[in-house]
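To start, the structure itself, in structure tokens.
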2 protein chains.
Amino acid sequence: MSADSPSTDDPLPDFLSSSTSLLLNKSTDLFNDILESAVEPFGLRSKDFIVLTAIDSMGPQSQQQLARTHGIDRTTMVSVVDGLERHGLVQRARNPDDRRKYAIGLTTEGQALLRHKLGPAMLNALDTFLAPFTPDERELFNKFLWRLVHERAPAEPPGGAGAP
Amino acid sequence: MSADSPSTDDPLPDFLSSSTSLLLNKSTDLFNDILESAVEPFGLRSKDFIVLTAIDSMGPQSQQQLARTHGIDRTTMVSVVDGLERHGLVQRARNPDDRRKYAIGLTTEGQALLRHKLGPAMLNALDTFLAPFTPDERELFNKFLWRLVHERAPAEPPGGAGAP
DNA sequence: TATTGTTATACTCTATAACTATA
DNA sequence: TATAGTTATAGAGTATAACAATA
């Protein structure tokens, strides 16, 4: 073990280790790890929680609606709903108004699990993630994130500078 | 087009759309998209910029060191360095002290590109991402991220509560 | 025996294309 | 013709296993 060896730690240069990009990615990875650990005891992924929550708050929906809500492809939603159905948490009913569509709804078991187990587990995960912050700081941090996502000039319309 | 149809927008329930988890993931995705767009004109990925920066600030390193710095596997770093070498931005020299290791160094071209083109492009990307914030807010946001990553109680040591 | 770089391979995640049924 | 769901397939990204060269 020679002295000039940079040790087994990651010898990340200061410039990079303090960069917003790296910290943002690390924070997100950390939070996602915490969230996955929170739902893993139930045999689920955090994505499953999001889908269950969307159904619980918006009522039975088609798979396409759920897919759009989550920003993923409808073909991916098939397997997500498959898994939730296998767990007995949702049921595929047909939409009587349009028999092409399902009406994916929560089972009694699904609603109970979401409200009494998953919900609290996710709140606990959030608390773990935000542990370094005071309540005021948590609120401010959330506001910051909201502004980063929503308080943004619309993308340059394609085709020119445009003189309104 | 029936009136009860939730329109073509994503009908994300308020509860989810304001969640820290979703906002954090969206912010990170947004930032990464901005970063990728910034380096794409040079035929590179943002990962390449990180590797180039690490070499520039820490000097020539082995592929293993670079891999650990980036938190990825050494087999993945092979193809990253392959790409950078193809672009003429780095060169593989042998470490004379340990001929198993490379000493991956920047070429003159690589250093020039990093300092005069890539660096400014990345700073500009950061500026775009943080556009909603004032300078003070940017600094505070960065501090928040730093605390989320570093100001964290060490993980529970495996094997028990621990008396001391 | 352990480590560096390399290759081949496998696994995960996600999207695209093509199909059936409904509209 | 267009849409909802499904399946098969392909692509990107990453990791594991095994190998040669070096320590």
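In what follows, every chain begins at residue 1, and chains take the letters A, B, ... in the order their sequences are listed.
Going from atom CG of Asp82(A) over to atom C1' of dC13(C) covers 16 Å, rounded to whole Å. One interatomic measurement links the two molecules: CD1 of Ile72(B) to P of dT12(C), which rounds to 20 Å at whole-angstrom precision. For the pair Arg94(B) CZ and dA20(D) C1', the computed distance is 11 Å after rounding to whole Å. Taking atom CE of residue Met77(A) and atom C1' of nucleotide dA4(D), one finds them 14 Å apart after rounding to whole Å. Residue Arg68(B) contributes atom CZ, which lies 10 Å from atom P of dT3(C) at whole-angstrom precision. In this structure, the CG atom of Asn95(B) is 12 Å from the C1' atom of dT22(D), given to the nearest Å. Following rounding to the nearest Å, Asp73(B) (CG) and dA18(D) (P) show an atom-to-atom distance of 15 Å. Following rounding to the nearest Å, Glu36(B) (CD) and dG13(D) (P) show an atom-to-atom distance of 9 Å.
Listed candidates were dT6(D), dA4(D), dT6(C). Nearest to the side chain of Arg92(B) is dT6(C). The side chain of Val78(B) approaches dT6(C) more closely than any other nucleotide in the set dT14(C), dG5(D), dT6(C).
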Verdict with supporting geometry, Glu40(B) and Arg45(B), salt bridge (charged side-chain N to carboxylate O under 4.0 Å, His left out): CA-CA 6 Å; Glu40(B) 187 253 312; Arg45(B) 307 293 300 268; over 6 Å; no

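Distances shown here put every side-chain N or O of Lys101(A) at or beyond 4.0 Å from the OP1 or OP2 atom of dT6(D). Residue Gln65(B) places none of its side-chain N or O atoms closer than 4.0 Å to OP1 or OP2 of dT4(C). Contact annotation: Tyr102(A) side-chain N/O to dA21(C) OP1/OP2 distance is not under 4.0 Å. Between Gln64(A) and dA4(D), a side-chain N or O to OP1/OP2 separation shorter than 4.0 Å is present.
Nearest-nucleotide positions on DNA chain C place Arg45(A) closer to the 5' end than the other of Arg45(A) and Pro96(A). Both Arg100(A) and Thr76(A) lie near DNA chain C, and the one whose nearest nucleotide falls closer to the 5' end is Thr76(A).
A donor-acceptor contact under 3.5 Å links the side chain of Thr75(B) to the base of dT16(D). Between the base of dT22(D) and the side chain of Arg99(B) there is no donor-acceptor pair shorter than 3.5 Å. A donor-acceptor contact under 3.5 Å is formed by the side chain of Arg74(A) with the base of dG5(D).
Looking at Gln91(B), its side chain never comes within 3.5 Å of a backbone N or O of Leu89(B) through a donor-acceptor pair.
From Leu24(A), atom CG reaches atom CZ of Phe129(B) across 5.0 Å, with rounding to the nearest 0.5 Å.
Using modelled atom types and a 3.5 Å distance limit, the side chains of Thr134(A) and Asp136(A) yield no donor-acceptor pair.
Each of Arg68(A), Lys101(A), Arg92(A) was evaluated against Gln63(A); a single residue qualifies, Arg92(A), per the side chain to side chain donor-acceptor pair (under 3.5 Å) test.
Among the heavy atoms of the strands lying under 4.0 Å from Asp98(B) are primed sugar atoms or P, OP1, OP2 only; no base atom is included.
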